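Only one structure is covered here, and it is reproduced in the block below.
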Amino acid sequence: METLAQRAALLRESLQKSQSVTDAVVSILGSFDSRLSALDAAMRPIQVRTHAVRTAHENIDRTLRSADVILTQFDRTREAEREIQKGPHENLQGFLDAVDRLRSIERFFSSNRSYRSSDGVLNHVNALLSKALVKMEDEFQKQLTQRSKPIEPDRLFDCLPSTLRPSSESHPEGGKNQSNSENQQNSEAAVYSPPALIEPRFIPFLAKLAQQLVQAGCQQQCSEIYSEARASALESSLKSLGVEKLSKDEVQKMPWEILESKIGNWIHFMRIAVKLLFAAERQLCDQVFECSQSLRDKCFAQITRNSLATLLSFGEAIAMSKRSPEKLFVLLDMYEIMCELQADIDTIFVGESCSQMRESALSLTKCLAQTAQKTFSDFEEAVEKDATKNIHIDGTVHPLTSYVINYVKFLFDYQSTLKQLFQEFKREDGTGSELATVTMSIMQALQNNLDAKAKQYKDPALMHIFLMNNIHYIVKSVRRSEAKDLLGDDWIQRHRRIVQQNANHYRRIAWSKVLQCLSGQGLTSSGGSGQVGSEGGNSSGASRAAVKERFRSFNVLFEEIYQKQCGWSVPDTELRESLRLAVAEILLPAYRSFLKRFGPLIENSKAPGKYVKHTPEQVELLLANLFEGKQERT
């Protein structure tokens, strides 16, 4: 217990000492708190002053930076002003850079209107920009005027494919001496090289000027300046080429010989205008106004409107003029060039601004097609109703026949063009059937007219010579042309039979009376057949007087026919020889037989040469003079 009491006493003593230490620490900490509060109160004014100084420094730095930016803008303004004062003619790129700087400065001060100098600077900058716009407009106009020169014809011809370039000694007529099919093949394979209307090195500067003017809202002024300069150059180029401004009345009153030449030139002009000049203008517009699709279309339309209208007006005047057969082929030429150029026109005259011009070109194409179609119908009707009475007295080929055949031959040079034309209106299944129908109709109309003309001949034999000549000419011409495949062998064979039928009719009508003179019928009393050609026949019982009369009649008839038919004409050598042979085949055997049978009666009479004037050989020689178209003596 005593030990426990000692230990409790020690524990109590330790607790007392711990309490004393604790109280001392508390006392010390309390003094620290009061000291810190005093220190904080002493430091607070210093902290406030330090924060104010820091804020002031930040404000000063910010102000200095703003001042530096503003001063930089002032410096840029002064630099830009110097360039603006110089103008764009000395250093166009420097001038444009100065304009860009002014616009940048204008945006800066517009977004920082709190600066006291903003309004003043903005006024000054806007004044400089206005001055720059005026100078840019003047420079744009000056550059375009100086660079926009007419293109000389020789330079344009050099841009054409070699097959379409005019010869040095002839006026351009677009390959007029070549066939239509050759022209079409050439145009399909041709490569055109539109000329440079303005030197390429100047185009970027014009484009930059245009862009600046457009950005400044000066689209109208820019468009007017550009369009006026380029339209004048384009019209001058066409005028130098030979394009004339003719009224429709002037065109329609023009003599055909002059008009035909002008149509040939017009075809050439259209090709040059569309594929070279208009294409080059479109390319230049696209380059200068790259910044605005609507503006480039608008300017191009304004530039080309009058020039295209002048060209189309001539075509419209031809299409609406009085129809005549000789105009068909030039109408087809014009229709063909319009069809050829239609795709180019649709590509070059693109956009809403050019819609009316595209429609005008398409309208002319359709008008030419309609006129050509009506001319076809007129021609067929004119052939059938041709009332010319000036038939040749020799029965040769009538001018109408050669005219119509040549006309049809020329049609076959336009097969592809006619295919387009027929499909446009009748929607037929190709050139073959429709062109064959048209050709057969024309041929039938010609034959109907020839039948009517043949009736004007009073001599039936000559009437058949006339029909034979003309139908033979038609058949021969068809066989030698592309019409052979189109009309077919049946058509040719049918008309060859018509030729042969007329030859047979001629031979029967012309020589029947002569052959009757050479018949033994009525000369003998033996009751024989009396037909010439029974070799070794007996002339017993024949009256010498009757035989003499037969010879006399033969001589008169033969000489009359000979005189007359030497003046008739069979112009085709092969047909002429064939017809002579056909006559000889019926006449010579009959004459030889008659002479052999009844000649002895005359030989024993007085003056036999009075009755037997010709030997068979002489008759044969005389027959060789028939159908030469000139009068002969026996």
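Note that these values count all heavy atoms, side chains included, but never hydrogens, waters or copies made by symmetry. Quantities reported herein were computed from a predicted structural model and do not represent experimental measurements.
Taking the six-membered ring for Trp and thresholds of 30 and 60 degrees, His505 and His464 have ring planes inclined between 30 and 60 degrees apart. Taking the six-membered ring where tryptophan is involved, the planes of Tyr407 and Tyr403 are tilted, since the angle between them lies from 30° to 60°. Using cut-offs of 30° and 60° for the angle between ring planes, the Phe329 and Tyr414 rings count as tilted.
Closest approach of Ala196 to Ile151, counting heavy atoms only: O-CD1, 4.4 Å. In terms of heavy atoms, Val251 sits closest to Phe314 at CG2-CD1, 3.8 Å. Annotation for Lys275 and Leu341: closest pair CE-CD2, 3.7 Å, computed over non-hydrogen atoms. A pairwise comparison of heavy atoms in Leu238 and Ala273 identifies CD2-CB, 4.1 Å as the closest pair.
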Problem set entry | Asp394 vs Lys564, salt bridge (Lys or Arg N to Asp or Glu O under 4.0 Å): CA-CA, chis, key distance, verdict | CA-CA 9 Å; Asp394 58 0; Lys564 183 166 53 176; over 6 Å; no

For this session: Evaluate the side chain to side chain donor-acceptor pair (under 3.5 Å) criterion for residues Ser223 and Lys298: first the C-alpha distance (whole Å), next the side-chain angles of each, then the deciding distance (0.1 Å), finally the verdict.
Result: CA-CA 8 Å; Ser223 172; Lys298 178 182 177 182; 4.5 Å; no

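A side chain to side chain contact (heavy atoms under 4.5 Å, CB included) with Leu411 is found for exactly one of Asn406, Leu328, Thr417, namely Leu328.
Under a 4.0 Å N-O distance rule, the pair Asp489/Arg494 does not qualify as a salt bridge. With respect to the salt-bridge test (charged N to carboxylate O, under 4.0 angstrom), the residues Asp249 and Lys253 qualify. A salt bridge does not link Lys476 to Glu574: none of the charged nitrogens lies less than 4.0 Å from a carboxylate oxygen.
For the residue pair Thr375 / Arg323, no side-chain donor-acceptor distance below 3.5 Å is found, with atom types taken as modelled. A side-chain donor-acceptor contact under 3.5 Å links Arg296 and Gln293.
Screening residues 346-375 for ring pair (Phe, Tyr, Trp, His ring centres under 6.0 Å), with sequence neighbours left out, gives Phe278-Phe349, Phe300-Phe349.
Atom CD of Glu290 sits in a sparse spot, with 12 or fewer heavy atoms from other residues, nucleotides or ligands closer than 6.0 Å.
With ring centers used as reference points, Phe289 lies under 6.0 Å from Tyr226.
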